There are 2 protein chains.
Amino acid sequence: MQRARTEQAKDQRRNTLLHAALNEFFDKGFTAARMEDIAKLAHVSKGTLYLYFANKQDLFRALIEEIAVPTINLTSQEVLATKTGEQALQFLLQSIAHIIRNTPLPKLVKVIIADGKAFPELVTYYREQVLNRMFSLLETIITKAVEAKEWQCSDIPMTARLIIAPVIFSVVWRMVFESSNEQQNMLDLDALFALHTKHLLVILKVN
Amino acid sequence: MQRARTEQAKDQRRNTLLHAALNEFFDKGFTAARMEDIAKLAHVSKGTLYLYFANKQDLFRALIEEIAVPTINLTSQEVLATKTGEQALQFLLQSIAHIIRNTPLPKLVKVIIADGKAFPELVTYYREQVLNRMFSLLETIITKAVEAKEWQCSDIPMTARLIIAPVIFSVVWRMVFESSNEQQNMLDLDALFALHTKHLLVILKVN
DNA sequence: ATTAAATAACTGACTGGTCAGTTATTTAAT
DNA sequence: ATTAAATAACTGACCAGTCAGTTATTTAAT
């Protein structure tokens, strides 16, 4: 086995272990996932896994804290750089579609739903750092568009939640109800989000 | 310990065990839930639990199959008995709000999300018997209202999914992100569904 | 440049505890 | 007295976490 001597190589290995852990926790759940299997997925021994994480709980905590937040930070900034409410909404939902398709975030969401009860502080962390920040971002977008007389909205916080609802729905659908080999139950993410956006603009736009 | 001698008493006991199991599976997940704790919750010994269910998997399967479907059957019929699309939509979302607040279905949904991967046939069962039936019901409602020139709709299947999205969202939110003692993160179910209904009617109604 | 010593990354067999499932025994009801 | 229900003690498979030993890599001396 090649050794990870430099800090960089260690970060790399740690990251490999975190992603192996995400896949095992996603497939089996916290309790049923085996430390040895996680190690095997990352091509190291169980002993090595314990050089990087003190125990199974620590590994789980690191997972939640290190995978979720980076993805969100990027998106927020880009969304706030747009000119109109319409542009912001369209850009946000397209970014989210991209995240759902191309990042491990949906698996992380499933893991939090499944095993969050054993780690209430992580549920709080995820709610604050990801979901409530999404809501705030949307509330900011709506408020700005209302002030610019572009949009009208009777209940901004609830509307923000209704905008996010299909995101959670599609994540749950893909992670749970779409078994790889059944074509007819696949959810067309782009069509769903396009129609959602269209509906929202009808509701929000002045006139 | 009192004995369950009649068929009725046995059904009663079986039901108590199923609900105890749902609570344990909901709190701990399939693997971490202990058969002895489930028995204790139902005020019987572990041995007695094994008189009613051959093993842990069987208990889990019985749970999914026996708790979900009865609730849905009732609602469908009542919804289809309404006159207009608007009435059907309002009645359906109010019924769902009632189910979310007063039945064990939301816990069951969480359990399926969490442990479904180990029981793919149950995920399929739930998708067909609950979710796809909900979609069909909504598609029927919309189609009827479109035919009656009450509503317009460009994509009926997708619209059905967008109607259900806040249901899944609110179930996940309540089961995962609302920890009992934090008032400020409580989701106002009635307000959410009322606004959702209002939005939908704006989109669907023919001028 | 070669090599021996030192270091630290890595390994996997082992242990202690846990828990699903079984069974011998007790208990309640008829 | 007989039977069926219930129990609690028991067994064995499983796995998180440990640690004594192994080996790749670096360092220092010639």
Side-chain angles (χ1 to χ4, degrees), chain A residues 1-64 111 114-115 117-119, chain B residues 1-64 111 114-115 117-119:
Chain A
M1 185 59 196
Q2 188 169 295
R3 273 111 207 268
R5 313 278 305 188
T6 67
E7 279 309 305
Q8 199 182 3
K10 284 184 190 175
D11 277 5
Q12 166 67 44
R13 178 147 293 177
R14 185 187 157 85
N15 210 50
T16 307
L17 286 166
L18 281 178
H19 281 83
L22 177 60
N23 282 311
E24 281 300 293
F25 287 142
F26 173 72
D27 281 343
K28 312 274 179 61
F30 177 77
T31 307
R34 296 171 69 249
M35 291 298 266
E36 199 165 349
D37 290 342
I38 293 169
K40 201 163 283 171
L41 254 184
H43 306 291
V44 296
S45 70
K46 184 153 68 134
T48 300
L49 176 51
Y50 277 94
L51 294 174
Y52 287 83
F53 302 95
N55 52 48
K56 206 181 183 183
Q57 277 87 353
D58 261 30
L59 174 59
F60 189 86
R61 283 189 206 105
L63 195 69
I64 306 293
V111 167
D115 293 307
K117 290 213 123 211
F119 301 88
Chain B
M1 185 57 196
Q2 187 170 293
R3 274 110 207 273
R5 303 193 60 96
T6 67
E7 280 309 306
Q8 198 182 5
K10 284 184 188 173
D11 277 5
Q12 166 67 44
R13 180 151 292 176
R14 185 187 157 85
N15 210 49
T16 307
L17 285 165
L18 282 176
H19 282 83
L22 177 60
N23 282 312
E24 281 301 292
F25 287 142
F26 173 73
D27 282 341
K28 313 273 179 61
F30 178 77
T31 308
R34 297 170 68 249
M35 291 298 266
E36 199 166 349
D37 290 343
I38 293 169
K40 201 163 284 172
L41 254 184
H43 306 292
V44 296
S45 70
K46 184 158 65 139
T48 300
L49 176 51
Y50 277 93
L51 295 173
Y52 288 83
F53 302 95
N55 52 48
K56 206 180 182 182
Q57 277 88 351
D58 261 29
L59 174 57
F60 189 85
R61 283 190 205 102
L63 195 70
I64 306 294
V111 167
D115 293 307
K117 290 214 123 210
F119 301 88

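Quantities reported herein were computed from a predicted structural model and do not represent experimental measurements.
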Novice: What is the nucleic acid contact for Lys10(B), judged by heavy atoms within less than 4.0 Å: base, sugar-phosphate only, or nothing?
Specialist: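 Lys10(B): backbone/sugar contact only, no base atoms under 4.0 Å.
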
Novice: Roughly how many Å is it from CG in Leu59(B) to C1' in dC19(C), rounded to a whole number?
Specialist: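 Distance, rounded to whole Å: 15 Å.
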
Novice: Atom CD1 of Ile38(A) to atom C1' of dC15(D): distance rounded to whole Å?
Specialist: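 One finds 12 Å between C1' of dC15(D) and CD1 of Ile38(A), rounded.
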
Novice: Is the phosphate of dT7(D) approached by Thr48(B) (side-chain N or O, under 4.0 Å from OP1 or OP2)?
Specialist: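 Thr48(B) to dT7(D) OP1/OP2: side-chain N or O found under 4.0 Å.
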
Novice: So which protein N/O to nucleotides 16-18 of chain D N/O distances come out below 3.5 Å?
Specialist:
from    : atom 1 : to       : atom 2 : distance (Å)
dA16(D) : OP1    : Ala33(A) : O      : 3.1
dA16(D) : OP1    : Lys56(A) : NZ     : 3.2
dA16(D) : OP2    : Met35(A) : N      : 3.1
dA16(D) : N7     : Lys46(A) : NZ     : 3.2
dG17(D) : OP2    : Tyr50(A) : OH     : 2.9
dG17(D) : OP2    : Lys56(A) : N      : 2.9
dG17(D) : N7     : Lys46(A) : NZ     : 2.8
dG17(D) : O6     : Lys46(A) : NZ     : 2.6

Novice: Who passes side chain to side chain donor-acceptor pair (under 3.5 Å) against Lys28(B), sequence neighbours left out?
Specialist: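 Glu24(B).
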
Novice: Starting from the C-alpha separation in whole Å, work towards a yes-or-no answer on salt bridge (charged side-chain N to carboxylate O under 4.0 Å, His left out) for Arg14(B) and Asp11(B).
Specialist: CA-CA 5 Å; Arg14(B) 185 187 157 85; Asp11(B) 277 5; 6.0 Å; no

Novice: Aromatic rings Phe60(A) and Phe30(A): how do their planes relate, parallel, tilted or perpendicular, breaks at 30° and 60°?
Specialist: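 Correct class here is perpendicular.
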
Novice: Could you tell me the separation between the CG atom of Asp37(B) and the P atom of dT18(C), rounded to a whole number of Å?
Specialist: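 Going from CG in Asp37(B) over to P in dT18(C) covers 13 Å.
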
Novice: Got a donor-acceptor pair under 3.5 Å from the side chain of Arg5(A) to the base of dT26(D)?
Specialist: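 Checked by distance alone, the answer is no.
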
Novice: Contact class for Phe53(A) vs. all strands (heavy atom < 4.0 Å): base, sugar-phosphate, or nothing?
Specialist: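 Contact class for Phe53(A): none.
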
Novice: Which is more 5' along DNA chain D, the nucleotide nearest Arg3(A) or the one nearest Leu49(B)? Just name the residue.
Specialist: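 This one resolves to Leu49(B).
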
Novice: Map every base of DNA chain D to its dot-bracket character, where paired means a Watson-Crick or G-U wobble contact with both distances under 3.5 Å and | marks a partner outside the strand.
Specialist: ||||||||||||||||||||||||||||||

